[in-house]
Amino acid sequence: MRYSQLFPHTLRTLPREHEGTPYGLLVKGGYVRGLGQGLYSFLPLGLRVFYKLKRLIAGEMKRLGGQEVLVPLVNPMELWERSGRDLLVGGDLVKFSDRAGRQMVISPTHEEAMVELLRQSMRSYRMLPVFLYQFQTKYRDEERVRIGLLRSREFIMKDGYSFHRTYADLNNFFPKVFHAYERVFRTCNVPYIVAEAGVGYMGGERSYEFLVPSERGDNVVIRCPSCGYTANQDIAIGIKPLRTQIPLPMEEVETPGCVSMDDLVVHLSVPKSGLAKTMAYRTGKGLVLAVVRGDYEVSTEKLSQVLGTPVFGLASSSELRETGLVPGYLSPLDRRDGIVVVVDTAVADSSNLVIGAGREDHHYMNANFGRDFEGDLVADIAKVWAGHRCYYCGTPMQEERAVEIGHIFKLGDFYSQRMGLSFFDERGREIHPYMGSYGIGMGRLISMIVETNSDEHGIVWPPQVAPFMVFLMSIGNSLSMKRKLEALAEALGDRALLDDRHLSPGRKFLDADLLGIPYRILLTQELLEEGKVEVKERTTGKVWKLAYQRVEDFVHYLEEQYGPV
RNA sequence: CGGGCUGUAGCGCAGGGGUUAGCGUACAGGUCUGGGGGACCUGGGGUCGGCGGUUCAAAUCCGCCCAGCCCGACCA
């Protein structure tokens with residue numbers, strides 16, 4: 001490939017906000033370009049990286065017996081109503097109607113379409129297990145879009161779906177995918193960590209995230225440095241320090257205008273750990289009041305697990321008023337028919353807390369669980385953070401921001417039950433297959449490869465995902481030089497990018513570094529007279545001479561080492 | 001959804017009521033160069049985000065809209 005013909009060339013200038021970011025390197029090098037908020041184009045170089053990654057991942061999926069399919073991006077709304085996820089996904093789900101008025105969705109993920117595909121195509125348990133995967137566009141109307149490939153609205157995901165006769169079979173298959181993912185991320189040279197995670201709107205039971213630590217991430221991972229416990233903050237557990245005092249009699253106090261924890265801290269001179277806050281959520285079981293201590297935040301993920309039903313989000317002030325509740329003064333005492341109260345363990349085990357009074361401008365002090373208020377459920381529903389002691393070994397835990405690059409779910413029969421996917425087993429009993437789903441965000445992975453494989457000069461691609469193996473250039477423009485260079489380019493074919501521009505050597509060197517192609521091969525008049533070329537390795541900066549005649553062998557060797565370009 | 005900032009050449013920026021709107025870079029042609037963003041010559045490229053208003057006169061002031069970026073989002 002001739003660089004002069006490659007669309008487009010590297011940029012010399014970047015907008016300030018992209019300077020020094022992985023996304024900036026990708027833009028500057030001509031790998032990707034933004035089109036609009038959360039929308040990105042892959043350019044030829046970027047697509048070459050994409051295809052190499054795709055081949056790498058597909059190879060692993062095939063090893064597990066996976067078969068590639070492609071289900072539509074647009075789905076009939078009816079499918080989503082059947083799974084119940086039209087409500088669960090909420091605002092991320094883009095809906096539209098076609099000219100005939102049929103309701104459609106743009107899929108944020110493809111469980112429904114895959115289950116439907118199986119429903120249409122399989123009639124016997126004998127066909128299980130089956131493992132299907134695809135590389136398909138997703139669209140999520142994210143609340144918060146950040147610049148770069150880390151959180152985009154439209155993105156391509158490798159998503160895989162496995163279906164099993166028994167839970168045991170799913171349990172057996174799941175670790176195989178886990179290890180396949182580990183091989184992929186190791187090959188990509190990203191320092192991934194694995195964390196237990198919540199299921200969010202995917203449904204199901206259990207999940208593991210593959211994350212790369214980064215300041216830019218919007219996941220928080222809690223880790224125990226001693227025993228290695230690692231979990232997403234949404235579900236991480238830890239030992240919560242309690243407030244234990246001799247119980248005092250409860251008393252009502254006036255708290256005019258105190259509608260936040262901070263107001264109460266000032267007004268009552270009580271630390272946040274001495275307050276209990278009551279939060280109202282819309283859930284699959286109606287309105288639920290979650291009571292956590294003032295210094296904690298509710299984990300909707302934990303709440304959802306405890307309730308065994310989806311949590312859609314916080315109730316709005318108007319919804320509260322319709323139910324006769326007073327925003328700002330919600331109270332566990334608001335518990336009654338149709339309103340479930342879930343009390344966090346730290347609240348249940350602490351004494352003399354301030355709680356809302358359930359009416360305007362009043363709170364109660366010295367409220368004690370069991371004596372002054374009750375809950376339908378007592379459970380851990382609060383997020384822990386750094387400093388909390390590990391539940392398993394007692395060591396103070398640490399926290400770290402990270403970017404999620406892969407996520408695997410044990411979905412169980414969540415979808416097969418809801419969507420009516422079933423077969424008869426050998427004894428004539430109806431079974432709902434157990435399902436796993438497995439995703440890798442392609443853009444994010446590329447972005448994180450760049451973030452963790454780059455230096456001040458540019459990208460340093462791991463050879464297995466590099467767009468080309470060799471960056472070929474010369475200094476000097478003599479006819480004999482040109483001929484030698486062209487001959488080499490011809491011989492290397494698609495494995496080399498030939499910089500045939502009439503630019504100063506410096507410019508070519510800089511672009512070679514920016515593009516991050518693993519080996520730079522240079523011809524000069526002097527080298528040529530020796531019958532040699534110069535090779536520079538991008539990863540190490542090592543430079544050595546190689547006989548011109550042996551270049552082809554060398555590249556062939558690289559190909560055997562790292563796979564074809 | 002809320003707040004702030006920004007929209008001027010492909011890209012990065014300056015100008016901020018009054019001649020023909022500039023600079024760097026990129027681009028096209030040419031000459032010389034050649035080991036880390038080389039020099040010189042020549043050339044082309046603009047509805048100043050959109051609509052409306054104020055004014056003798058608007059890229060510039062005002063209003064609305066649109067887009068992008070950053071921050072914050074129901075923690076009662």
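Side chains included, hydrogens not; waters and symmetry mates left out as well; all remaining heavy atoms used.
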By the 4.0 Å heavy-atom rule, please label [X] as base, sugar-phosphate, or nothing.
X	result
A:Ala290	nothing
A:Val259	sugar-phosphate
A:Lys383	nothing
A:Lys28	base

Are [X] and [Y] ion-paired here, with the side-chain N under 4.0 Å from a carboxylate O?
X	Y	result
A:Glu400	A:Arg223	yes
A:Arg151	A:Glu142	yes
A:Arg2	A:Glu486	yes
A:Arg501	A:Asp511	yes
A:Arg538	A:Asp455	yes
A:Lys272	A:Asp262	yes

Between the base of [N] and the side chain of [X], is there a donor-acceptor distance below 3.5 Å?
X	N	result
A:Arg520	B:G36	yes
A:Gln525	B:G34	no
A:Lys508	B:G38	no

From C-beta outward on [X], which listed nucleotide comes closest to its side chain: [options]?
X	options	result
A:Arg507	B:G38, B:C75, B:G36	B:G38
A:Asn477	B:U33, B:G37, B:A73	B:U33
A:Glu143	B:A73, B:G34, B:G37	B:A73
A:Pro15	B:G35, B:G12, B:C75	B:G12
A:Pro505	B:C75, B:G34, B:G68	B:G34

Could you work out the separation of [N] and [M] based on their [atom1] atoms and round it to a whole Å?
N	M	atom1	value
B:C11	B:A26	C1'	7 Å
B:A59	B:G22	P	14 Å
B:A9	B:C23	P	14 Å
B:G34	B:A39	C1'	12 Å
B:A58	B:G18	P	11 Å
B:A67	B:A14	C1'	22 Å
B:U47	B:U60	P	15 Å
B:G50	B:G10	P	13 Å

[X] to [Y], cation-pi by 6.0 Å centre distance and 45° axis angle:
X	Y	value
A:Lys532	A:Tyr548	no
A:Arg444	A:Phe155	no
A:Lys536	A:Tyr519	no

Find the distance [X]:[atom1] to [N]:[atom2] and express it as a whole number of Å.
X	N	atom1	atom2	result
A:Tyr23	B:G68	OH	P	12 Å
A:Glu142	B:C1	CD	C1'	15 Å
A:Leu314	B:C1	CG	P	19 Å
A:Met279	B:A73	CE	P	13 Å

>> Using side-chain heavy atoms (C-beta onward) and a distance below 4.5 Å, is A:His388 in contact with A:Ile239?
In response: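 The answer is no; the side chains never approach within 4.5 Å.
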
>> If the cut-off is 4.0 Å, is A:Gln37 near the phosphate of B:C69, judged by side-chain N/O to OP1 or OP2?
In response: yes

>> Does B:A26 have OP1 or OP2 under 4.0 Å away from a side-chain N or O of A:Arg12?
In response: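 Answer yes for this pair, as a side-chain N or O of A:Arg12 is under 4.0 Å from OP1 or OP2.
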
Kindly give the atom pairs (protein nitrogen or oxygen, nucleotide nitrogen or oxygen) under 3.5 Å for nucleotides 4-10 of chain B.
none

> If you round to the nearest 0.5 Å, how far is OH of A:Tyr40 from CD1 of A:Ile156?
Replying inline: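 These two atoms lie 14.0 Å from each other.
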
>> Short of 4.0 Å, heavy atom to strand atom, which residues of residues 355-371 of chain A count as contacting RNA chain B?
In response: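 None, since no heavy atom is under 4.0 Å.
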
